[in-house]
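To start, the structure itself, in structure tokens.
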Amino acid sequence: MQNPNQLEDMIETLLQVDDQAWGAYAFSRDVLKRRIRPEQIAKMTDEAICCGKNYAKRMIAHYGCKDVRLLAEKMKIKVQFVPSSITGNRILFACYTPPDHIAIMDEPIRRAALLVSQEAPGLVELFRQDDIMNTILGHEIFHAVEDRYESEMYTRTEKIVLWHFLGLKNCSKVRALSEIAAMSFTRELNRLDYSPFILDFLLYFSYDSSGAESIYRDVLGVGSGRCREAVEDHE
């Protein structure tokens with residue numbers, strides 16, 4: 001990299017991006033993005049964040065623990081750590097398979113932690129290998145929680161109408177809501193001071209820095225400069 005502090009500067013900028021901007025980023029990647037008005041996006045983002053946070057608190061109270069790995073064990077979720085990370089042309093970081101299996105690719109996590117230690121040493125405390133692992137695991141656990149509480153879960157009950165004709169209508173769930181809520185869930189569970197969405201950028205960077213820089217620009221673009229003055233405490 002031309003600027004030896006480029007990665008650290010980019011991460012520090014992303015650490016200041018607020019929740020609404022990350023929500024806009026998630027919606028910008030949704031296949032239904034053209035069906036949702038901007039004012040709806042803001043409201044739906046807030047609802048999804050609240051959903052994820054509340055269910056994290058609910059799981060902590062129900063299972064009596066905050067440790068994400070212990071929570072997976074108590075929920076009888078099998079967690080498998082897999083070395084391979086590339087499937088065809090896709091880079092896969094983690095996968096939840098209903099009803100009770102989570103696979104986490106440990107190679108991308110090792111690479112991301114090493115990258116931070118080499119290129120952004122001032123941020124090592126935020127992105128240790130175990131911390132990244134726990135953040136990803138918390139995200140995937142939320143998808144298991146979604147399945148178990150599907151009938152009442154906002155990310156499953158909130159739908160948009162794709163079309164209606166002669167009294168018939170076709171509705172669809174919004175994938176972005178699930179991702180926003182999952183990030184809020186793992187943020188609360190792991191007591192993070194930043195949005196876990198930043199891992200979309202960081203995990204990808206060690207494989208394709210140009211692609212990661214495109215994510216960086218997308219986040220700042222859809223956020224329209226919405227940044228916090230300081231990172232909030234969400235404990």
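Every value quoted in this text rests on a predicted model; they were computed, and no experiment measured them.
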Which heavy atom in [X] sits nearest to a heavy atom in [Y], and how many Å separate them?
X    : Y    : result
A24  : I41  : CA-CG2, 4.5 Å
V79  : F81  : CG1-CZ, 3.8 Å
V222 : S28  : CG1-CB, 3.9 Å
E8   : P121 : OE1-CD, 3.7 Å
R156 : D147 : NH2-OD1, 2.8 Å

To the closest 0.5 Å, what do you measure between [atom1] ([X]) and [atom2] ([Y])?
X    : Y    : atom1 : atom2 : result
I104 : Q80  : CD1   : CD    : 10.5 Å
T186 : R191 : OG1   : CZ    : 10.5 Å
R128 : E125 : CZ    : CD    : 4.0 Å
T135 : L189 : OG1   : CG    : 9.5 Å
L126 : I11  : CG    : CD1   : 9.0 Å
F93  : I136 : CZ    : CD1   : 8.0 Å

N/O donor-acceptor pair under 3.5 Å between [X] side chain and [Y] backbone:
X    : Y    : answer
N190 : L192 : no
Q129 : R110 : no
Y63  : K66  : no
E152 : Y149 : no

### Message
Between M59 and F142, is the side-chain contact (heavy atoms from CB on, under 4.5 Å) condition met? List the steps.
### Response
CA-CA 10 Å; M59 294 303 101; F142 175 79; over 6 Å; no

### Sub-6.0 Å ring centroid separation between Y55 and Y154
no

#### Entry: Member of F205, F197, Y204 meeting the ring-ring contact (aromatic ring centres under 6.0 Å, His included) criterion with F201
F205

Please set out all donor-acceptor pairs under 3.5 angstrom arising from side-chain atoms of residues 174-185, sequence neighbours excluded.
from, atom 1, to, atom 2, distance (Å)
R175, NH2, E179, OE2, 2.9
S178, OG, H143, ND1, 3.3
S178, OG, E146, OE1, 2.9
S178, OG, E146, OE2, 3.1
E179, OE1, H139, NE2, 3.2
E179, OE2, H143, NE2, 3.3
S184, OG, I49, O, 2.6
S184, OG, K53, N, 3.2

